[in-house]
Amino acid sequence: MNGGYTKAVLALGSNLGERNDTLSEAVADLVDPPEVRLLAVSPVVQTKAVGGPPNQPDFLNMVITVETSLSPHELLEHCQAVENKHHRVREVRWGPRTLDVDIITYGDLRSDDPSLTLPHPRAAVRAFVLYPWSLIEPAATLDGERISALAARADDFGDLAPFDGFGDFDGVPTAGAVEER
């Protein structure tokens, strides 16, 4: 990276409406301004909702890596504007939503700011973030540990299922970057 650009990892999820279309459109919206450049896009996985109200629809989740010249808070504002464009409503914590965009990492920055904690405070225990991320960056680490190992230990690892846009499949791919438990 050069010219003042910082690498960031963004996690996207949707469990309301046309989930797959929303994710595709959100990726395009996130990298629309010249200050955000797309580096990689993970495959989409389907997962059960983690936290929040019971009986929510399943989520589609994915991870993208970008490089950006936006500051961390400017990137957060941009992510929230994209969520709002896709009719994100914040009524219930971890409730159903058309789009959720989380900043997982922003370079090596560590922040305890209540509005933007970095790395994301729950990323290390969420397979729905770690597994897709491991598919595009197998050697990536979080807090000094390979994300693939963290994914394999996450409580929600068994709930992951690949999603190809046409239908759902049982299980998790046998190939990939996730290490055996």
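None of these values were measured; they are calculated from a predicted model.
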statement: Between Leu10 and the options Val36, Thr65, Val31, Leu75, the side-chain contact (heavy atoms from CB on, under 4.5 Å) test singles out Leu75
message: Under the criterion side chain to side chain contact (heavy atoms under 4.5 Å, CB included), I'd like the reasoning laid out for Asp159 against Asp58: C-alpha separation, chi angles, the key distance, then a yes or no.
response: CA-CA 10 Å; Asp159 292 330; Asp58 288 351; over 6 Å; no
task: Tell me, please, which residues at least two apart from Ser111 pass side-chain hydrogen bond (donor to acceptor under 3.5 Å, both in side chains).
output: none
field: Results of salt bridge (charged side-chain N to carboxylate O under 4.0 Å, His left out) for Glu77 - residues two or more places apart only
entry: none
task: Check for a donor-acceptor pair, side chain of Arg97 on one end and backbone N or O of Gly13 on the other, with a separation under 3.5 Å.
output: no
- prompt: Which atom names give the shortest non-hydrogen contact between Val129 and Val63, and what distance separates them?
  reply: O-CG2, 3.4 Å
message: Once salt bridge (charged side-chain N to carboxylate O under 4.0 Å, His left out) is applied, do any residues pair with Asp143, and if so which ones, sequence neighbours excluded?
response: Arg110
message: Just to verify, what does Leu116 make a side chain to side chain contact (heavy atoms under 4.5 Å, CB included) with, not counting sequence neighbours?
response: Pro72, His73, Leu76, Ile103, Leu118
Side-chain donor or acceptor of Glu83 paired with backbone N/O of Val101 under 3.5 Å: yes
field: side chain to side chain contact (heavy atoms under 4.5 Å, CB included) partners for Thr47, two or more places apart
entry: Val45, Phe59, Asn61, Phe128, Leu160
message: Going by side chain to side chain contact (heavy atoms under 4.5 Å, CB included), name the residues that satisfy it together with Leu142, two or more places apart in sequence or in a different chain.
response: Thr105, Pro119, Ala123, Ala124, Leu130, Trp133, Ile147, Leu150
query: Which residues pass the side-chain hydrogen bond (donor to acceptor under 3.5 Å, both in side chains) test with Asp29, sequence neighbours left out?
result: Lys85, His86
- prompt: Mind checking what makes side chain to side chain contact (heavy atoms under 4.5 Å, CB included) contact with Glu18, not counting sequence neighbours?
  reply: Asp21
query: Is the side chain of Asp32 donor-acceptor paired with the backbone N or O of Ala28 at a distance under 3.5 Å, no angle test?
result: no
- prompt: For the side chain of Thr6 and the backbone of Tyr106, is there at least one donor-acceptor N/O pair under 3.5 Å apart?
  reply: no
query: Under 6.0 Å from the CG atom of Asp113, do we count more than 12 heavy atoms belonging to anything else shown?
result: yes
